[in-house]
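Encoded as structure tokens, the structure appears first; notes follow it.
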Amino acid sequence: MEMVPSEENQLVLKEGMFWSCRQSIFDEMKKRFSQVENAAEEPRVLCIVQDTTNAKTVNERLTLNLPASTTLSKLFEDVAHKAGYVNGTFDLAWRKTGDMGPLDPSSEMSLTESGFEPGKRNFLQLTDKDGEQPQIASDESGTAGSSGLDDRQERFIGPLPRDCTVGCSSDYSSPSYSYSSILNKSDTGYVGLVNQAMTCYLNSLLQTLFMTPEFRNALYNWEFEESEEDPVTSIPYQLQRLFLLLQTSKKRAIETTDVTRSFGWDSSEAWQQHDVQELCRVMFDALEQKWKQTEQQQFSPLTADLINQLYQGKLKDYVRCLECGYESWRIDTYLDIPLVIRPFGASQAYGSVEEALQAFVQPETLDGANQYFCERCKKKCDARKGLRFLHFPYLLTLQLKRFDFDYTTMHRIKLNDRMSFPEELDMGPFMDVEDEKSPQTESCTDSGAENEGSCHSDQMSNDFSADDGVDEGICLDSASSTERVLKPKVPSLNTSSLTFELFSVMVHSGSAAGGHYYACIKSFSDGQWYSFNDQHVSKITQEDIRKTYGGSSGSRGYYSSAFASSTNAYMLIYRLKDPSRNAKYLDCDDFPEHIKHLVQREKESEEQEKRQREIERNTCKIKLFCMHPVKMMAMMENKLEVHKDKTLREATEMAYKLMELDGVVPLDCCRLVKYDEFHEYLERSYEGEDDTPMGLLLGGVKSSYMFDLLLETRRPEQVFQPYKPGEVMVKVHVVDLKTDTVAPPVSIRAYLNQSITEFKQLIAQATELSAETMRVVLERCYNDLRLLYVPNKTLKAEGFFRSNKVFVESSESPDHQVTFTDSLLWKLLDRHGNTIRLFVSLPVQSPGTNRTICQKVGGDPEECSEGSKGNRNSVETILEESTEKLKNLSLQQQQGSCTSDSQKSSDTSDFEHIESPSPSQELDSSVSAVVAVDNRELENRIRAAGGGTYSDPETQFPGEERSDSEVNNDRSTSSVDSDILSSSHSSDTLCNADSGPIQLANGLDSHSITSSRRSKANEGKKETWDTAEEDSGTDSEYDENGKSKAESYYLYFRAEPYAQEDGSGEGGQKCVLVHVDKRITLSAFKQNLEPFVGVTSTQFKVFRVYANNQEFESVRLNETLSSFSDDNKITIRLGRALKKGEYRVKVYQLLVNDAEPCKFLVDTVFAKGMTVKQSKEELMPQLKDQCKLDLNIDKFRLRKKTWKNPGTVFLDYHVYEEDINISSNWEVFLEVLDGPEKMKSMSQLAVLTRRWNPAQMKLEPFQEVVLESSSVEELKEKLSEISGVPLENLEFAKGRGTFPCDISVLEIHQDLDWNPKVSTLNVWPLYICDDGAVVFYRDSTEEPMEQSEDERNELMKRESSRLLKTGHRVSYSPRKEKALKIYLDGGPVKDPGQD
């Protein structure tokens, strides 16, 4: 950088160089800002990674928001950086179940190419690599683990999208784990248990039992006899297998489904939350019952009574008279001791387990009203009631009663108060706490509290024998007399035998509404504490145990934490410290012989599973297609699963068998090629690579591939064509103008850099056509035809892609000289691409139509009869004649109006001769008249020839309209076809380029092309048609009868008889297969169907049939058939079709006091501008004929229907579309009046009222009240007037729900909002703004009827039955918790009376 001396001889920058340097800095900053801006505009991929390699990190999420162009290798680097691992020591896999294999860490594919979705959350899992946990990066790398857990929980790369959140998980929700995270054993040496869904409570108990040496060893000593019991339903055997797997398996976690299956549970049980203490009691009872049923009791008496020997204790429940000292008592057994956290009504909780135990044995004084009747004193005396421990079990279970019930809120709550517990518990002080000298009068026990495992005999779920039997517990009472008295503890008693050590803490995290269980268990092998949290096992410390004591604040209110979520101990299990009895875990060498055999079987099964899993990880799964040469030449699809080390030759043989080609095609006539199903493109073949492994050919084992495989076949004399990468596939259709046909495709391959001339030579070789006269037309985007005429232009420049379709024609026809859009080739291809195939079901004809038709035509009935017997022409013959006549008419039109076509040679095809004139030219009215007369004559001839087969008995009166309901019994099909509401009112609808029936192309192989093509022939020409009216049912280019104003213009239409394969066309119903240009309007389509239906287009309706056989009527005559596609079904039904401004309406009768208040009557038609009175006049004949309702016009009304609710009353002078909004598929209520109409004005309000009589427990019938205003006072006056209830005693309430707002008479008196404090009806909470609202009222002085329990139960049954029949709810009942049951017979027995 150049420097110059200043006046002070200091070097400074030149001014020009300074600004140059500054500008360069600004340019660099601008460049970088531009890069950042471009990166911001690029789509981003949100990756959420779960680290499943460590129990401490399993609940954490690494969130990375990366550009979509990021490579997979860069993703691995970013994850390693944020997770603090060495890159290459872990795998990333999709979290979705079933996805195969981890991602490739060396791949340079972008995230989008690898299956990541921009703008969405992509869930991944970080898993162990090859069974080894990831290596922690060193501190120097900057990603050391010393950053701490807090840092790791905040890991994030890139900006967060606005619609995503991170880390929104509950503190007790059980996370979802992938199978890959449970493949390898934890570094603790212990195996976890997989949570099936909500089975954490089961996992905690099973791990506790497994870590109990005495229980585990006894279970191992029990031998299962397969001849006596099914192993699937044997609970002890399945527990034995589970314990063996927990001890010997190399997996990180194992399933518990076999155990739950032995319980008789199905998969739904896995979604039920249960209490771990409840499960303990139920499972112990089931085990005891199972062991007692076996024949091994003599072999192992300890096993048969294992539960009692290990867990059962005894206590005395006594009452002692304070006057005479007489004591009444009984001996109870217990499996656990329930300890109260906080006494009922107290504000302070017990601080420790010792305090709770002291309260448990503290007696209470029975005095006052609660005095005890002493048998010795023969009177009621003050007494002391309490409990004394007599025996302590070897394994002492304490349940901390953290779940309580709040009688204020009527909710279950969880008490999260702190309760400490010692690691060693001395139970000696709790043997005898009675103080004879100072009787306690304060009630401190919880004997009346809710039972959560109480040890009282009347609350015990297990029925234990009072007989001591062989007692392995701790017995402190040796007296056998019933008069025995418990003596104070002798000081010389060996109190060390009463010391218990804690070894299991079952923790509940959550609230009373739900939560999560896990277990903290101490191993008796090394004294180390471990956390068994479902799949994850990790070491913990005494500090972690102390954290389970619960909340530390003792000043909180009783219900302050009712719905809080916290983590605290729920069950504690202690073991007696007795070296002579404390057992050790059995080593594998010490296993009994039957256990050693079982271990061997389980190891073999696990090894087999591991081998199978390894095979799965190395198996490529890819879609396989094959054009089967026998099965109708259909493209068959399957899934090829091949090991990555299998060669291409072996994979071909597998695909050959998979596609069932054995015996059809020789194996050497088949090969696998790379295929793109979407574009139907053969990407490449694999010549000379028969011995190459499939893993190399497919690019490795992936969860999904961007391509497929095709099993290609050939005939023995053929040779496979090589497919090279970079080629494009072209389907060539040969067009024959002489026969108006388009041949099936011939596939050829070309290069994008080939010229059109070279491409023509290639086609000439494949089709044997002349390249000199060849015209090639490319179909682009399924709606565009382009003639390829520039010789030196390349295929790429013309728009060729992977898969293309071209049409070729090579002849000496003068059509070459015509502009392409005016040529016969274009017209044929245009027709070919727009023609669809429809299946049309014609209506079943009424009998006795022969006579009617003959009379209408004017012939002699006798002649008609003779004709029907003998020389009658078929419909097909008449149709052929009509076709010829239409062709002739088309020729006349061309000669009279189209001068440009008059010089065409006479040897051109029929297609050319029947071309309609340009839309810019006027149509000769005389020709139109001839066509119209010809159509009517054609109808008459068909009716006469067909014997009236397609006619209706009432069509002889041209001016008479046929009602829908007279001919259509299927009332469900009167709604409008909403799918026909297309917006194509442009030249697509109006380009009627073809006229008259034309022979279709053979095969019609391109019917999948359903998009409309725009008529290129009419571009730039003036259109003379009116535009469509989008707001009405018809088009302005049609007259009131639906006839087209330019009906001589016809698009392609051809119909032929069709026999339905399913036989549904039997019984007189006819079907036709129609080939039609989908640009034809519905009006023209109906006119073309007239000869087949036998009536004019105004006398039948068109219904579109959908996949579920539901039918919807198509009514918009101006709409085209562009929304239809190949093989759609159409049903024709007789009945008057809608005209412009008409709407089809369903009429229902409103019966307010009937059990079913809504009854369907008729389908009818209302018109725009019609008054309500006129519609009623139209309805009256229909109601009389079809419903036998003979009504006077002043004796019924019409009103709005909203679902089942009656609404606005329509007055006679109201006009549809002006005063009343009307729409298609409209529904109205018809209500028969008892007297003259009371509604005269729209300002009035009609309310339906119903009186409630509490004294009779009865609701009276509905009565209508007409109000002049929305005043509550007026409503009360009207109700008082019709009921006689004094105004000051009258109360009312608005009904709830849909009409008739049914409610149980047992609930109405309390549940409704009676007598709301409002002055008008149109405000909250009433909101009565329209007619039809339901109002209940009552006399406030009337008291409800007094009922006995039996009467109330009987009334409840009647009300339940009544409300169920009407479809209304009886009362709300929350989902009940499912009781926990274990089925000893293998499964539940369904109670037929149970819901």
Side-chain angles (χ1 to χ4, degrees), residues 171-172 275-277 336-364 386-387 389 396-427 429-430 433 440-456 459 500 502 504-517 520 542-574:
D171 62 338
Y172 61 85
D275 186 276
V276 67
Q277 185 265 350
D336 54 63
I337 302 174
L339 300 180
V340 175
I341 298 290
R342 188 190 304 172
F344 182 75
S347 60
Q348 295 291 331
Y350 296 124
S352 66
V353 164
E354 292 91 339
E355 286 186 36
L357 281 168
Q358 187 70 33
F360 184 82
V361 297
Q362 185 74 22
E364 62 174 325
L387 301 170
F389 289 111
L396 179 64
T397 304
L398 304 180
Q399 182 207 0
L400 309 185
K401 298 179 65 175
R402 292 195 174 273
F403 297 112
D404 207 341
F405 190 80
D406 185 352
Y407 289 95
T408 303
T409 62
M410 302 303 287
H411 283 163
R412 291 186 68 196
I413 60 173
K414 183 183 176 187
L415 304 175
N416 296 312
D417 300 88
R418 175 186 173 87
M419 177 174 277
S420 63
F421 45 86
E423 187 174 359
E424 289 190 357
L425 177 64
D426 183 9
M427 295 299 292
F430 306 107
V433 295
Q440 300 295 320
T441 59
E442 182 181 358
S443 174
C444 298
T445 67
D446 193 39
S447 58
E450 179 186 353
N451 174 35
E452 290 190 28
S454 173
C455 54
H456 298 260
Q459 297 173 344
F500 291 81
L502 179 69
S504 177
V505 180
M506 277 173 269
V507 181
H508 180 267
S509 176
S511 68
H516 176 62
Y517 283 101
C520 300
Q542 283 291 340
E543 181 61 30
D544 296 318
I545 300 298
R546 285 190 284 271
K547 289 179 182 178
T548 64
Y549 289 168
S552 58
S553 173
S555 60
R556 293 180 297 173
Y558 188 80
Y559 305 115
S560 61
S561 60
F563 297 99
S565 173
S566 60
T567 302
N568 35 52
Y570 182 63
M571 281 186 69
L572 309 174
I573 301 183
Y574 287 82

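Predicted model, so just to flag it, every value in this text is computed and none were measured. Starting from 1, each residue takes its place in the sequence as its number.
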Taking only residues two or more places apart in sequence, or in another chain, which ones meet S352 in a side chain to side chain donor-acceptor pair (under 3.5 Å)?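 With sequence neighbours excluded, S352 shows a side chain to side chain donor-acceptor pair (under 3.5 Å) to E354, given in chain and number order.
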Qualifying residues under side chain to side chain donor-acceptor pair (under 3.5 Å), relative to E423, sequence neighbours excluded: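 Expected list: Q542.
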Measuring from atom [atom1] of [X] to atom [atom2] of [Y], what distance do you get when rounded to the nearest 0.5 angstrom?
{"X": "C520", "Y": "L572", "atom1": "SG", "atom2": "CG", "answer": "10.5 Å"}
{"X": "L502", "Y": "L425", "atom1": "CG", "atom2": "CG", "answer": "9.0 Å"}
{"X": "F405", "Y": "I413", "atom1": "CZ", "atom2": "CD1", "answer": "9.5 Å"}
{"X": "M506", "Y": "T548", "atom1": "CE", "atom2": "OG1", "answer": "12.0 Å"}
{"X": "H508", "Y": "M571", "atom1": "NE2", "atom2": "CE", "answer": "13.0 Å"}
{"X": "D417", "Y": "I341", "atom1": "CG", "atom2": "CD1", "answer": "7.0 Å"}

Taking side-chain contact (heavy atoms from CB on, under 4.5 Å) as the test, write out the residues that go with E543, two or more places apart.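 E543: side-chain contact (heavy atoms from CB on, under 4.5 Å) contacts with T541, R546, K547.
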Do L357 and L339 come close enough that some side-chain heavy atom pair is under 4.5 Å?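 Touching, per the 4.5 Å side-chain cut-off.
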Check: D275 and F403 side chains under 4.5 Å, non-hydrogen atoms: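 Counting from C-beta outward, F403 and D275 do come under 4.5 Å.
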Mark yes or no for whether R402, through its side chain, and L415, through its backbone, hold a donor-acceptor pair below 3.5 Å.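 Yes: the side chain of R402 pairs with the backbone of L415.
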Y570 pairs by side chain to side chain donor-acceptor pair (under 3.5 Å) with which of K414, Q399, K401?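 Running side chain to side chain donor-acceptor pair (under 3.5 Å) over K414, Q399, K401 with Y570 returns exactly one hit, Q399.
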Minimal non-hydrogen separation, [X] against [Y], with atom names:
{"X": "V340", "Y": "M419", "result": "O-CE, 3.7 Å"}
{"X": "Y574", "Y": "P422", "result": "OH-O, 2.7 Å"}
{"X": "F421", "Y": "V505", "result": "CE1-CG2, 4.0 Å"}

Ring centre gap for Y350 and F360 strictly below 6.0 Å: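 That pair fails the under 6.0 Å test.
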